[in-house]
> 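Could you have a look at this structure, given as structure tokens, before my questions?
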Amino acid sequence: MSGGAAGPQPGLEPPAEARGRDSRDHRGPQASARSRELILSRIRAAVAGAPDVEITRAYRTSSDLAGVVELFAERVADYRAVVHVADPGEVAGVITSALERRAVTRVVVPDGLPAEWAAGVEAARVAEAVRSGSGAGAVRSVRDEPALSAAELDAVDGVITGCAVGIAETGTIVLDAGAAQGRRALTLVPDYHLCVVRVGQIVAGVPEAVARLDPVRPLTWISGPSATSDIELNRVEGVHGPRTLEVVIVR
Amino acid sequence: MSGGNNTFLGMPAFPENAAAAVQNSQLRFNLRKATHTIRGKRAGVVAELPDWMELRQAGKEIKDHTLRNLERYLLQLEEAVTEAGGHVHWAADADEANRIVADLVKATGETSVVKVKSIATQEIGLNEALQAEGITAYETDLAELIVQLGDDWPSHILVPAIHRNRSEIREIFQDKMADWGRAAPEGLTDEPSALAEAARLHLRERFLSTKVAVSGANFMIAETGTLVILESEGNGRMCLTLPETLISVVGIEKLLPSWRDLEVFLQLLPRSSTGERMNPYTSAWTGAVEGQEFHLVLLDNGRTQVLADEVGRQALRCIRCSACLNVCPVYERAGGHSYGSVYPGPIGAILTPQLRGMSSAVDASLPYASTLCGACFEVCPVAIDIPEVLVHLRGKAPHARAERLGMRAAGWVLNRPGRLGRTQRLGSRLRRFVPKRLPGPLSGWTNTRDIPDIPAESFRDWWNRTDGGAR
Ligand code: SF4
């Protein structure tokens, strides 16, 4: 904060035993090692003699998969995302018309995007070409190779990706930076995200999703477009992340 | 601004703050609207899950089990994070944590950092400590930005700027944005979407250019070394992915033993917090990823002191969902600032005095900032019995002299039936002299309540005289 605060500062006082020490003691790795020992010994003393606690998992860990695709579509749409359900043969067409409706010029295409989806991108034409009915003026696919700078990413209109898992009960899409998804920033900086989800990737609930995911990969769970309720609790879509999320579910 | 750790000491105790706050009708209107809206949404999405009580039970047990085995799991976490290319630092108190972060930032040669909303860093006064070292910390959460530009304090865990209305926010943006970076657009209206757009533009360049980010975390997984952050706006993702260096300051109680445990908390937290089935964005990362340098600062700052209290330690289960604030009748009227702490509401009333000790007036008064109605316990996703801890802390708080004397006198009278009888008869004879208001420190009680009338005859005397109403 820049100047003096309007009110008193609600910070927290250090515990008595730390208060007496000179803060310069804390510098450097030895200080951190000393504090490590101090914290661990405080913990030992604090819980000595306390009984251990068993974890009961009586909650649902798997659910019926009937109607899971419909539920997923409905719950994603609840977040005001645009949702399409398509047969495999229709995907390219759905992608093409989505990009044309959105009037994009440049779209980031991550490594490993299936050929039929990429074909959908290549078939899309920029807004003027669509309006004038001319065959020319294709939407440009931008590769993240070499890695795009943040500013370059900021200059594209959208991104198309696949995903790792979809969760029906919560309408969530999880990306794990794997094939057809790219690194995390690709789906963050551009203002429009078109995500293709295969039905086989959709699970019923959160426990099934957690079981499928590998925590060693960087994970991004997406439930609808970026949103805030910070101003008088009014929901506003899109503060920093993509303001529009469009989802194509492939049967 | 002076160091972050003690300026609050001049803060008046809860009763004075609350008395001022309840006179503020704008604040009360905003709070009522906010708490009731979120409360309703929460109830709806919680009712959707047939196994909510089982999830709550598991959440409570996982946290208790972790706290019981905290040493083992912290060591496991340290090993996993280190193995994944991250660096782990241990901070016994606020000063040490601030020192570690400042040194890490200085080592990068940078003089500014972007921040993801984090109550832990507010608790230690990190922004002020960095400022003192010539490093500017930019808050990036919309509400925190409003709070920072307005030179103000957060008043709610989830929606920190809820005490501000749209026209105030517009004014703050118009007056202050230019001092901090890109100015507010010309002709800015007070439409929420226009204000959000102004924040988007103001912060975007900063995200694209700042090299160091500081965050907290909602969860840390001991087994894998994974950190997890839940958010709505995407500012968290910006800070976690774009800068070259990421420094996360996390309380040692934020630990979960295994990756699987997230299946419980990713259901409990969003539904309890924003009343959504899931928050828009959750990021999970393990160690240094995608070429980023990663530092984890593990923070004690009084937590081990809380852990040592058999009754009070359950406060460490808290996942900062803010459900207890939204149902609290005292919070709804008094507002977040009255609690004199970064942890407002019922959880603040039990956590702050334990973390800081109850030596100041504001902290000693916090366990009394409640009517013990129990609504907070009922909604808490990790079943923290807040009323139980409040009563426990009241027993430990230093009592006012008047209260002590009163208690001692009452004990003298109540110990002997003869004395009680004589005192009651004396009271009856003097009852017309009893004032409507009690003087001095006792006036706190009678300002809001009537003194009960003293009956003309005590129950015992009536019973003896009439033989239990038979005569
Ligand atoms: S005490 Fe419980 S209800 Fe309150 S913020 Fe913490 S977890 Fe949520």
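Per chain, numbering begins at 1; letters A, B, ... match sequence-line order. Not measured: the values here are computed from a predicted model.
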> Assess the side chains of A/T187 and B/R237: does a donor N or O sit below 3.5 Å from an acceptor N or O?
yes

> Using side chain to side chain donor-acceptor pair (under 3.5 Å), reason through B/E263 and A/Y59 one step at a time and then give a plain yes or no.
CA-CA 10 Å; B/E263 71 189 18; A/Y59 54 86; 2.5 Å; yes

> Find the one option among B/S193, B/G287, B/S209, B/P192 whose heavy-atom pairs under 4.5 Å with chain A are most numerous.
B/P192

> Looking only at side-chain N and O atoms, does B/E233 offer a donor or acceptor that is under 3.5 Å from a partner on A/T228?
yes

> Under 3.5 Å, is there a donor-acceptor pair between the side chain of B/R200 and the main chain of A/G241?
yes

> Checking B/T286 side chain against A/P215 main chain: does a donor-acceptor pair fall under 3.5 Å?
yes

> What part of B/T224 lies closer than 4.5 angstrom to a heavy atom of chain A: side chain, backbone, both or neither?
side chain

> Please determine if A/E169 and B/R277 form a salt bridge, counting it only when a charged side-chain N lies under 4.0 Å from a carboxylate O.
no

> Any side-chain donor-acceptor pair under 3.5 Å between B/Q57 and A/T56?
no

> Are B/D261 and A/R57 close enough for a salt bridge, meaning some N to O gap below 4.0 Å?
yes

> Strictly below 4.0 Å, N to O, side chains only: are B/R68 and A/D52 in salt-bridge contact?
no

> Could you look at B/T140 and say if it's the side chain, the backbone, both or neither that has a heavy atom under 4.5 Å from chain A?
backbone

> Among B/L298, B/L74, B/V264, which has the most heavy-atom pairs under 4.5 Å with chain A?
B/V264

> Can you find a side-chain donor-acceptor pair between A/S223 and B/E276 that sits under 3.5 Å?
no

> Looking at B/E197, B/R166, B/H89, B/E54, which makes the most heavy-atom pairs under 4.5 Å with chain A?
B/R166

> Measuring only between side-chain heavy atoms, which start at C-beta, is B/M278 closer than 4.5 Å to A/V206?
yes

> Shorter than 4.5 Å, heavy atoms on both sides: which option in B/F207, B/Y281, B/W90 has the most such pairs with chain A?
B/W90

